[in-house]
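Bear in mind the structure is a predicted one, so any value in this text is a computation, not a measurement.
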Amino acid sequence: CPHTRRCPATHGLPAPRRQAEENSGRQAQGACAVLLLGQDRRQGCRCVHLEGSGRHQAGCACRRARGPLRQQAPRRPAPSASPDAAQKEQEKKVEMISFVDGKRASNLGIMLSQFGKLPNFQPVAEAIINCDAKMLTPDRLRAMLNFIPQPDEIENAKGVAPADEPRLGKAERYFFDIKDIPNLEQRLTCMLFRARADEILAALKPGLETLKRACTAVRTSPKVRKALEWMLALGNFLNGTSNAGGAYGVKLDTFTKMEEARSADGKTNLFEFFVGVLERNDLADLDVELKDVPTAMRVPYATMEADINELNKGLGMIQRQLDTAHALLSAPVPAPEQARRMAQAFITSMEPLHGAIEPQFTEMRDLYKAVTDDFNTTVTLFAEDPKKMSTEEFFGLWNHVVDRFKAIHAKHLADAEKERKEQEKREREEKKRLEREAAKAAAAKPSSTSPSPSPGPATAAAAAAASAEPADEDTAKTNEILETLNQGINAGFLLRRQRPARGESTMRSKLRV
């Protein structure tokens, strides 16, 4: 601890020695302006004098110590900075070369960080020259296309001397390394198209085929046409001789209007009645005819048009770049070796791709044109404007019709099944009731008491019942009861009730006489 001559610090000493130390410190004359007290004062002087004379002077607070003054230990040197820190410090002292706008340079630095820590961007330049799809992924290509160097930036990069390369910033170094690549933007666009071509073609074909099937079903299906005839007949019947009557066709909003027209009791609407008419005229499977409509509603037709245009534009750009590369290689005057190498790398990478994609694109383009013509014809058939109605809107209306038809048809089937079960239950109950009444009537007829045993009415009924095959278990039980009654009557017994014996069934106890 550094102390002045009048420092009141006690240094953790006992009270008597503390006072003496303070008094001695006040009497010191400059030579002992700083006191550093050690851990053990008995082992010699722990005082370090600023002058470093090595002798105790008059008025020194440590005058009582024995032996020579111990010299101050040399200070340890400060730890040296790391190489990176030293390099950064050196870079701060060197004036950096900057010819890219500050905000653009910052955004470009963020984009370049996805390549990792590179001493320079020569690997990126080589990947562009060789059309390396492994290093230049679609996401990286999209980002690089946002930072194509401008002509003035290319000129500034070409003006940098080789000795000044260490003074270039990150953005400037990137432009310096790619400055000699010709048609950079077209090259990157062709590489991005190569990465997306297969994806676009794979998504186009299923959607176009679905749209074509849905248009054909709506326009040419016999069951759809028959259903529309019934719809037209119902509408003309309801409208009668009014201005809306006598129509010769239906529009798509007719389905919505039919749902709004309700019955007098409010329990049903015209569309539900229309579905019932179709069910009674073998048109209950109308939704099967329109099975492609829900999928066609979700096909992004506008996006597909953009994809077709992208394929056309990409193939055209690749063809132009291939022509340029072939012309450079076959020029009478040989081009520089670097330019020839870049042209040959582009041909090797892009020519097979162009030959494989061009036939598929031609097929998709023809299919797209056929689907467009089918859709326009179908929409016009329903008195709609194809320029104002999209595929999502048109097939969305038909999808609503299909969903409502399926729901109402399912409800009708459930109601019919419920009615059938209730009818069967009523028939069983009616049959049992008739059998009970027949048995009761047979038991209530008067019996004959002639001495000679002659068959009575119960006997005749029993004989008739026995001659007939019992229809079911209830009929068999009824015949058994009648036969027992007849035997009792012929024997002359009086009918009476008895308690059933232990172990006898209830049915047998009822038959006792």
Side-chain angles (χ1 to χ4, degrees), residues 203-240 242-261 270-271 274-275 277-278 281 283 285-312 361-406:
L204 273 176
K205 189 172 183 178
L208 289 174
E209 291 178 346
T210 300
L211 283 174
K212 187 174 180 61
R213 290 195 302 268
C215 289
T216 303
V218 172
R219 189 178 67 254
T220 64
S221 172
K223 292 189 177 182
V224 172
R225 297 178 70 89
K226 193 66 177 176
L228 294 176
E229 290 178 8
W230 278 106
M231 180 185 293
L232 180 62
L234 288 174
N236 286 335
F237 176 79
L238 292 175
N239 294 326
S242 64
N243 294 332
Y248 57 88
V250 294
K251 296 184 68 174
L252 293 177
D253 59 353
T254 305
F255 297 114
T256 305
K257 294 178 179 179
M258 291 180 70
E259 289 185 295
E260 295 174 354
L270 183 58
F271 190 80
F274 168 67
V275 173
V277 172
L278 298 183
N281 288 274
L283 297 175
D285 57 345
L286 182 64
D287 58 310
V288 179
E289 294 284 325
L290 302 174
K291 62 181 183 298
D292 291 315
V293 166
T295 308
M297 178 191 66
R298 294 187 291 270
V299 173
Y301 185 73
T303 306
M304 298 172 75
E305 183 179 4
D307 291 339
I308 292 289
N309 294 334
E310 182 179 351
L311 286 174
N312 188 26
F361 167 71
T362 303
E363 179 186 357
M364 291 300 103
R365 183 185 58 192
D366 296 342
L367 181 58
Y368 176 78
K369 187 176 183 303
V371 169
T372 302
D373 295 340
D374 281 355
F375 177 72
N376 292 340
T377 303
T378 305
V379 173
T380 306
L381 183 66
F382 289 91
E384 301 289 347
D385 188 358
K387 296 181 179 180
K388 296 181 180 180
M389 179 167 285
S390 63
T391 56
E392 291 84 355
E393 184 180 359
F394 178 76
F395 289 112
L397 290 171
W398 278 103
N399 183 63
H400 175 71
V401 173
V402 172
D403 289 343
R404 292 293 299 143
F405 180 87
K406 290 169 64 175

Restricting to non-hydrogen atoms, name the atom on [X] and the atom on [Y] that form the minimum distance, rounded to 0.1 Å.
| X | Y | value |
| --- | --- | --- |
| Arg213 | Asp292 | NE-OD2, 3.3 Å |
| Phe274 | Met231 | CE1-N, 3.7 Å |
| Glu289 | Ala217 | O-CB, 3.5 Å |
| Pro386 | Glu384 | CD-O, 3.4 Å |

Ionic contact status for Lys212 with Glu209, cut-off 4.0 Å: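 A salt bridge is absent here (no side-chain N lies under 4.0 Å from a carboxylate O).
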Would you call Glu363-Lys205 a salt bridge at under 4.0 Å N-O?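 Yes, charged N to carboxylate O under 4.0 Å.
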List the steps and the verdict of side-chain contact (heavy atoms from CB on, under 4.5 Å) for Leu286 and Val224. CA-CA 7 Å; Leu286 182 64; Val224 172; 3.9 Å; yes
Please lay out, stage by stage, how Phe395 and Val299 fare under the test side-chain contact (heavy atoms from CB on, under 4.5 Å). CA-CA 10 Å; Phe395 289 112; Val299 173; over 6 Å; no
Is there a side-chain contact between [X] and [Y] (heavy atoms, below 4.5 Å)?
| X | Y | value |
| --- | --- | --- |
| Leu270 | Leu238 | yes |
| Thr362 | Asp366 | yes |
| Arg219 | Leu381 | yes |
| Val401 | Leu290 | no |
| Phe255 | His400 | no |

Should the ring pair Tyr301 and Phe375 be called parallel, tilted or perpendicular, given that the plane angle runs from 0 to 90° and is split at 30 and 60?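 Correct class here is tilted.
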Please round to the nearest 0.5 Å and tell me the distance separating atom [atom1] of [X] and atom [atom2] of [Y].
| X | Y | atom1 | atom2 | value |
| --- | --- | --- | --- | --- |
| Asn376 | Thr372 | CG | OG1 | 6.5 Å |
| Arg404 | Asp287 | CZ | CG | 13.5 Å |
| Met304 | Tyr368 | CE | OH | 8.0 Å |
| Thr378 | Met389 | OG1 | CE | 12.5 Å |
| Thr295 | Leu211 | OG1 | CG | 10.0 Å |
| Asn312 | Arg365 | CG | CZ | 7.0 Å |

Yes or no on side-chain contact (heavy atoms from CB on, under 4.5 Å) for Leu283 and Phe405, after CA distance, side-chain angles and deciding distance? CA-CA 11 Å; Leu283 297 175; Phe405 180 87; 5.9 Å; no
Using the rule given for salt bridge (Lys or Arg N to Asp or Glu O under 4.0 Å), can you reason through Lys226 versus Glu229, listing the C-alpha separation, both sets of side-chain angles and the distance that settles it, and then say yes or no? CA-CA 5 Å; Lys226 193 66 177 176; Glu229 290 178 8; 3.6 Å; yes
Would you say CZ of Arg225 has more than 12 non-hydrogen atoms from neighbouring residues, nucleotides or ligands within 6.0 angstrom?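 Not more than 12 within 6.0 Å, no.
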For the backbone of Lys387 and the side chain of Asp385, can you confirm whether one donor and one acceptor N or O come within less than 3.5 Å of each other?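 Here the side-chain-to-backbone pair exists.
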Go through the steps for Leu367 and Val371 under the test side-chain contact (heavy atoms from CB on, under 4.5 Å), then give the verdict. CA-CA 6 Å; Leu367 181 58; Val371 169; 4.3 Å; yes
